[in-house]
2 protein chains.
Amino acid sequence: MASLDRSLIAGLGPFDSLTPEALDQVLARARSARYAKDSSVFEENAEAHSFFLLLDGRIRVVRTTPHGDQVIARYIGDGELFGIAAAIGRTTYPATAMCAVDCVVLAWPTEAWADLAARFPSFAGSTFRTIGNRLQETQSRVVEMATEQVGQRVALAVLRLVRQAGRKTPEGLEIDFPISRQDIAEMTGTTLHTVSRLLSAWEDEGIVKSARQKITVIDPHRLMVISEHRAGA
Amino acid sequence: MASLDRSLIAGLGPFDSLTPEALDQVLARARSARYAKDSSVFEENAEAHSFFLLLDGRIRVVRTTPHGDQVIARYIGDGELFGIAAAIGRTTYPATAMCAVDCVVLAWPTEAWADLAARFPSFAGSTFRTIGNRLQETQSRVVEMATEQVGQRVALAVLRLVRQAGRKTPEGLEIDFPISRQDIAEMTGTTLHTVSRLLSAWEDEGIVKSARQKITVIDPHRLMVISEHRAGA
DNA sequence: CGGGCTTTTGAGTTAAATCAACAGCAGTGG
DNA sequence: CCACTGCTGTTGATTTAACTCAAAAGCCCG
């Protein structure tokens, strides 16, 4: 099996400031894999055998309730770690990782975590910072859900997606992976119907432009205003 | 100044499995402090000069929105770490820590974190596990807010409080610190009116018993049923 | 070109918020 | 000791944001 090239991960957040030798050592424990769009990298509650780095693609992290409702916890972009249950002492994955597009990932066996963390403190530190940021961000979503109404929450979600995955086009900032009304509903705790109505209204006002599984933000500033002001004009 | 006795922290989660000498070294960097009920240990967005362990009391972690709404992120019980912004590389506190009752805390200067974490890996590990658990739990709250209705969310919140802070009394399980309808509303993203109506209804059914700032769960099982079944009987 | 998704839009319903008023208890100070 | 004041909680009436129900239209792929 050909060994992985260190340029794959050099300069990525978690491996920033590692020497070339260190990068090789880290990669020696990893295997790479491709996953097709709509396949899952791991499933909620499954044994956490590995942790992952997304090299290319976009991953949707989803939790399912006993009643069958799905909630999207977050989207993972390239260069980000995911499935890092091991780092926090869990033995199962807390959510399912679905590929929103075809994905390429690196995977390390869970057993390698302690060793890598000990040998490369900057890697461990970066991982914990990631977890901390996600805690922060999740906390913010609780606050949002508790205090903002649906229109504001959807506006915030779209803005967040654009910030994370926005691609400049002649028309505006386009979210660079396929995303449905249903997906946005699952991110914001509402229904696809409500999301559809909101996006239609915003499209009439020239704030966004949307097609099947595609959203382009034309006027981010006005979307921000909507996300802040309770009851918009 | 009298030095702190190691029995204060021996056996507490974060310091479990440290030797007596190690405990003394950890304590050498700490100071202890008391805070009166309704005072704050630290404020949201303030410089994170210290991290804390709650020795005795109960602390409410609160975030305030730009619009002035408050949301209770969690309650901290004795033996738990809090204000551990440093561990995740933050320089400010993400929320305010209010004392629900008179509290006694240990405080370490933020600068001590890296050193303590390096010297006592089990302490670092326990801290990260705490953060991981809180991420998990916060994630669950997002799911709840997105999928359950108010009655179920309030039932879940009360059950969580009872599990965390329940004291057995002849009548049932009493939450061992003062908690208002408003507090529960801020935990569940609803209004004190709705909470009041729910508790009154449950009291009529003999599921809970409540007085001013006091809630006793008489029939936890039926409360669990309410928390699970959409639309209750 | 047919069948299955995704999206849109309308109509009706409802859970929970808001608006409003009052009741009860607890601590304060005369 | 009692009256006053301020919080905390209760309860009713009304409103409304968003969900549910329903149907149809558009698009994509096999």
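Just so you know, these numbers use all the heavy atoms, side chains as well, and skip hydrogens, waters and symmetry mates. Numbered from 1 within each chain, the chains take letters A, B, ... in sequence-line order.
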Looking at Thr190(B), I'd like to know whether one of its side-chain N or O atoms comes within less than 4.0 Å of OP1 or OP2 on dA17(C). yes
Is any side-chain nitrogen or oxygen of Arg181(B) closer than 4.0 Å to OP1 or OP2 of dT10(D)? yes
Which listed nucleotide (dT9(C), dT11(D), dC28(D)) is nearest to the side chain of His193(A)? dT9(C)
Taking any heavy-atom pair under 4.0 Å as a contact, classify Ser196(B): base, sugar-phosphate, or nothing. base
Quick one about Thr130(A) and Thr127(A) (side-chain donor to acceptor, distance below 3.5 Å, no hydrogens or angles considered), yes or no? no
Contact class for Leu199(B) (heavy atom, under 4.0 Å): base, sugar-phosphate, or nothing? nothing
Between Phe177(B) and Tyr75(B), what is the ring plane arrangement, given parallel below 30°, perpendicular above 60°, and tilted in between? tilted
Please report the distance, rounded to the nearest Å, between CG in Leu198(A) and P in dT7(C). 14 Å
Examine distances only and state if a side-chain atom of Asp183(B) and a backbone atom of Ser180(B) form a donor-acceptor pair shorter than 3.5 Å. yes
Report the nucleotide, chosen from dT10(D), dT8(D), dT9(C), that has the shortest atom-to-atom distance to any side-chain atom of Ser200(B). dT10(D)
Taking only the side-chain nitrogens and oxygens of Thr191(A), find out if one of them lies under 4.0 Å from OP1 or OP2 of dT20(D). no
Short N-O contact, Glu144(B) and Arg153(B), less than 4.0 angstrom: no
Looking only at the side chain of Gln149(A) (C-beta and beyond, no hydrogens), which of the listed nucleotides dT7(C), dA18(D), dT18(C) gets closest? dA18(D)
